[in-house]
**Q** 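One structure coming up, written as structure tokens, with questions to follow.
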Amino acid sequence: MVRSRSAPSIRWRYLNPAYYLKRPKQLALLFIVFVFVSFFVYDRHTILREHEEELSTLKEELERLQIELGELKQGDGVSVRKVSMSTKRLDVSKKDDVAIDPVEAERREKVKDAMIHAWSSYEKYAWGHDELQPQSKNGVDSFGGLGATLVDSLDTLYIMGLDEEFQRAKEWVTNSLDFNKNYDASVFETTIRVVGGLLSAYDLSGENVFLEKAKDIADRLLPAWDTPSGIPYNIINLAHGNAHNPGWTGGDSILADSGTEQLEFIALSQRTGNPKYQQKVENVILELNKTFPADGLLPIYLNPHRGTTSHSTITFGAMGDSFYEYLLKVWIQGNKTAEVKHYREMWETSMKGLLSLVRKTAPSSFTYISEKIGNSLIDKMDELACFAPGMIALGSSGYGPAESAKFLNLAEELAWTCYNFYQSTPTKLAGENYFFHSGQDMTVGTSWNILRPETVESLFYLWRLTGNKTYQEWGWNIFQAFEKNSRVEGGYVGLKDVNTGVKDNMMQSFFLAETLKYLYLLFSPPSVISLDEWVFNTEAHPLKIVPRLAPGQQKPNFRVRARKEGRFGGV
């Protein structure tokens, strides 16, 4: 008699390994089930852990925002918030997931080597002084002893990844930079070089010492705006606060000197939470907008008492240039919102006026921007006006398709002219200004070259905005001309005459701040100081674009969070 198996014994057999060894299909199925369950459990635990980490981070952020909400400051219709800036460097050799162009990489390194030579020469022979005289190997204080070259170079050092040099410069700023000087300083030059340089260093590094120093010098400049019209005097004593205008202007203020502080002072208000800086500089634009002409072109002299213009030259060159530049860039800095719409409207009006100054040469049809006195046009263009192609290209995207194409084409034509300012001389370096005569195209007027950046600035913008590598080639040719004619043992010098190549004895601070920075970025990926995230002041100091508050609007402070990966600009 055969005994039948009980139900429990049948169930338990499935737990016996020998059962599966005799049945390979069941063994495979069991293995698959085991793997699936293991992955499911692991994935759930991972999701739970990441969720807990995110909740913890959000909780910390909420607590910080609640604390900082009390710091919000508001006054006189201008609402600002304190912005804490902290960014990491992005390695240009690893950005954008694109193959490295070996030619660009090599050229970028050559520009970096030039910066190292210029900086090490300054550090060796002129440390702490405003500028270096490379031939005689000594320093001079052209700006009252504010360490202009050092402060102007901070962001260039940082972007290029010259960390040790940046740290030594930071230590000097911390321990030695003193603004309490009995010196009559240019409000314009001090703002664009010193305030702009310090703010840019702060935005890039997050080091608070730069913001504190920027506040110190800006507070010393503020009394310059205490005029009946709000249009500032252009000279102020840094120790005593006495402000006045240069004697040679007949008591008038200069257009560019009075309308080129907006980016820096608005940024300072955003980062400190104090609206006083923004109020002073924006009042200037509001005053000028009351009587803004139909063609948007202002003479270079302004009466600070009446707020009116004086009969003088209209130009996109010296003493006029950066006023128009800042109308566009404050609109960009303000995220192109309704609060800054009037800046864009004023700029577009000025561009209509610029078109009335555009002429062409014969026989080569070089496009140039003439100057104007009264109703008379002067066939002259400064190299300083070669910032205009970059500005026009940058602003072209704000138009509709047809107008955008028209202005971008104009920018490219003007850039070709500016490049030929360089190519038309024996040294391949541009003179200070050019005259245009029928049948002669262009001739050099003032024939010195002081290492100016405006043409390479425009080449940088055009390359970024069009992707046309021709602009990189032009920039490289200009860089090689600087290397051939301006590099000396003790740094870089300008030329007294671009026709003979006779050298001067000055390394301008803007050569390190602007010329070399724009050349370096010309050969770097577009993500390095992205034009979507940064706006350059007129001294090439990048300022981080942050949200702008409308009058009366209240929002908590925020922090620009540092990314975990990468370094910014190190190669």
**Q** Of all the heavy-atom pairs spanning E264 and Y326, show the shortest one and how long it is.
**A**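 Looking at all heavy atoms of both residues, the shortest contact is OE2-OH, 2.7 Å.
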**Q** Below 30° counts as parallel, above 60° as perpendicular, anything between as tilted: where do the rings of Y419 and W474 land?
**A**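 Plane angle under 30°, so parallel.
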**Q** Going by heavy atoms in the side chains, are I392 and L354 under 4.5 Å from each other?
**A**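 Of all side-chain heavy-atom pairs linking L354 with I392, at least one is under 4.5 Å.
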**Q** Side chains of N242 and N237: is there a donor and an acceptor less than 3.5 Å apart?
**A**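 Side-chain D/A pair, N242 to N237: absent.
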**Q** Given D321, which of L384, T538, L255 fulfils the side-chain contact (heavy atoms from CB on, under 4.5 Å) condition?
**A**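 Answer after filtering L384, T538, L255: L384.
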**Q** Determine whether a donor-acceptor pair (N or O, by modelled atom type, separation under 3.5 Å) exists between the side chain of D252 and the backbone of Y301.
**A**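 Side chain of D252 to backbone of Y301: no pair is present.
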**Q** Quick check for you: to the nearest 0.5 Å, what is the distance between D382 atom CG and F387 atom CZ?
**A**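 It is 11.0 Å, given to the nearest 0.5 Å.
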**Q** Compute both the distance and the angle, then confirm whether R344 meets the cation-pi test with Y399: under 6.0 Å from the six-membered ring centre, within 45 degrees of the axis.
**A**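 Yes, a cation-pi geometry holds between R344 and Y399.
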**Q** Hey, does the side chain of S269 reach the backbone of N274 with a donor-acceptor pair shorter than 3.5 angstrom?
**A**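 Present.
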**Q** Any donor-acceptor pair under 3.5 Å linking the side chain of N485 with the backbone of T427?
**A**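 Yes; judged by distance alone, with no hydrogens or angles, the pair exists.
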**Q** Is there a donor-acceptor pair closer than 3.5 Å between any side-chain N or O of N182 and the backbone N or O of A239?
**A**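 No, because the side chain of N182 does not come within donor-acceptor range (under 3.5 Å) of the backbone of A239.
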**Q** Has D257 got a side-chain atom pairing as donor or acceptor with N234's backbone, closer than 3.5 angstrom?
**A**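 Absent.
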**Q** Is K329 paired with E325 through a side-chain N to carboxylate O contact shorter than 4.0 Å?
**A**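 A salt bridge is present here (some side-chain N lies under 4.0 Å from a carboxylate O).
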**Q** Strictly distance-based, threshold 3.5 Å: is any side-chain N or O of K380 a donor or acceptor partner for the main-chain N or O of S370?
**A**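 Answer holds: no.
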**Q** Are the side chains of I235 and D184 in touch, meaning some heavy atoms are under 4.5 Å apart?
**A**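 When only atoms from C-beta onward are counted, D184 and I235 do touch, with a gap below 4.5 Å.
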**Q** Tell me, do I529 and L204 make a side-chain contact under 4.5 Å, heavy atoms counted?
**A**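 The answer is yes, as the side chains (C-beta and beyond) meet within the 4.5 Å cut-off.
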**Q** Evaluate the side-chain proximity of W416 to T367: yes if any heavy-atom separation is below 4.5 Å, no if none is.
**A**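 SC-SC contact between T367 and W416 ruled out.
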**Q** Any side-chain donor-acceptor pair under 3.5 Å between S447 and N499?
**A**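 No donor-acceptor contact under 3.5 Å links the two side chains.
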**Q** Without hydrogens or angle criteria, can the side chains of T149 and S509 be said to hold a donor-acceptor pair below 3.5 Å?
**A**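 No, no side-chain donor-acceptor contact under 3.5 Å.
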**Q** Quiz question: by atom type and distance under 3.5 Å, do the side chains of S253 and N245 form a donor-acceptor pair?
**A**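 The criterion, which ignores hydrogens and geometry beyond distance, is satisfied for N245 and S253.
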**Q** Check this for me, if you would: do E261 and K280 make a salt bridge, where the nitrogen-to-carboxylate-oxygen distance has to be below 4.0 angstrom?
**A**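 Here E261 does not pair with K280 in a salt bridge, since their nearest N and O are not under 4.0 Å apart.
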**Q** For T349 and W347, indicate whether the former's side chain and the latter's backbone hold a donor-acceptor pair under 3.5 Å.
**A**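 No: the side chain of T349 does not pair with the backbone of W347.
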**Q** Do E403 and K406 meet the salt-bridge criterion of a basic N to acidic O distance under 4.0 Å?
**A**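 Looking at E403 together with K406, the answer is yes, because their closest N to O distance falls below 4.0 Å.
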**Q** Do NZ/NE/NH1/NH2 and the carboxylate oxygens of E413 and K360 come within less than 4.0 Å?
**A**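 Yes.
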**Q** If you draw a 6.0 Å radius around NZ in K469, do more than 12 non-hydrogen atoms from other residues or ligands fall strictly inside?
**A**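 Yes.
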**Q** Give, for atom CG of L199 and atom NZ of K544, the distance between the pair rounded to the nearest 0.5 Å.
**A**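 These two atoms lie 15.0 Å from each other.
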**Q** Okay, side chain of S153, backbone of T156: is any donor-acceptor separation there less than 3.5 Å?
**A**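 It does not hold such a pair.
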**Q** Of all the heavy-atom pairs spanning S524 and W463, show the shortest one and how long it is.
**A**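 What the structure gives for the nearest pair is O-CH2, 3.0 Å.
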**Q** For Y343 and E282: C-alpha separation, side-chain torsions, deciding distance, then whether side chain to side chain donor-acceptor pair (under 3.5 Å) applies.
**A** CA-CA 10 Å; Y343 284 94; E282 295 216 295; 2.9 Å; yes
**Q** Nearest 0.5 Å, what's the CZ-OG1 distance between F265 and T191?
**A**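 It comes to 4.5 Å.
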**Q** F482 vs Y422 aromatic rings, parallel, tilted or perpendicular, using cut-offs 30° and 60°?
**A**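 Geometry flag for Y422 against F482: perpendicular rings.
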**Q** Check whether any side-chain heavy atom of T309 sits under 4.5 Å from a side-chain heavy atom of P293, and report yes or no.
**A**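 SC-SC contact between T309 and P293 ruled out.
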**Q** Do the side-chain N and O atoms of Y233 and D226 include a donor-acceptor pair separated by under 3.5 angstrom?
**A**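 Side-chain D/A pair, Y233 to D226: absent.
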**Q** Measuring only between side-chain heavy atoms, which start at C-beta, is T337 closer than 4.5 Å to W331?
**A**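 A side-chain contact under 4.5 Å is absent here.
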**Q** Do the charged groups of D295 and K352 touch, with an N to O distance under 4.0 Å?
**A**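 Looking at K352 together with D295, the answer is no, because their closest N to O distance does not fall below 4.0 Å.
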**Q** Relative to each other, are the rings of F523 and W476 parallel, tilted or perpendicular (30° and 60° limits)?
**A**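 Perpendicular.
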**Q** Within a radius of less than 6.0 Å around NZ of K496, do more than 12 heavy atoms belonging to other residues, nucleotides or ligands occur?
**A**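 Counting neighbours around NZ of K496, 12 or fewer heavy atoms of other residues, nucleotides or ligands fall under 6.0 Å, so no.
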**Q** Does some side-chain heavy atom of V444 sit less than 4.5 Å from a side-chain heavy atom of Y434?
**A**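 Touching, per the 4.5 Å side-chain cut-off.
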**Q** Please say which of Y471, F536, Y520 ends up in a ring pair (Phe, Tyr, Trp, His ring centres under 6.0 Å) with F460.
**A**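 Between F460 and the candidates, ring pair (Phe, Tyr, Trp, His ring centres under 6.0 Å) is satisfied uniquely by F536.
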**Q** Examine distances only and state if a side-chain atom of E383 and a backbone atom of N433 form a donor-acceptor pair shorter than 3.5 Å.
**A**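 Side chain of E383 to backbone of N433: no pair is present.
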**Q** Strictly below 4.0 Å, N to O, side chains only: are D216 and R220 in salt-bridge contact?
**A**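 The answer is yes: the pair qualifies as a salt bridge.
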**Q** When you compare the side chain of Y277 with that of D219, does any pair of heavy atoms fall below 4.5 Å?
**A**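 A side-chain contact exists here, since the closest heavy-atom pair is under 4.5 Å.
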**Q** Is Q472 reaching over with its side chain to a backbone N or O of L522, donor-acceptor style, under 3.5 angstrom?
**A**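 Checked: pair present.
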**Q** Checking side-chain contact (heavy atoms from CB on, under 4.5 Å) between L357 and each of E371, K372, M381, which is the one that passes?
**A**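 Answer to the side-chain contact (heavy atoms from CB on, under 4.5 Å) test with L357 among E371, K372, M381: K372.
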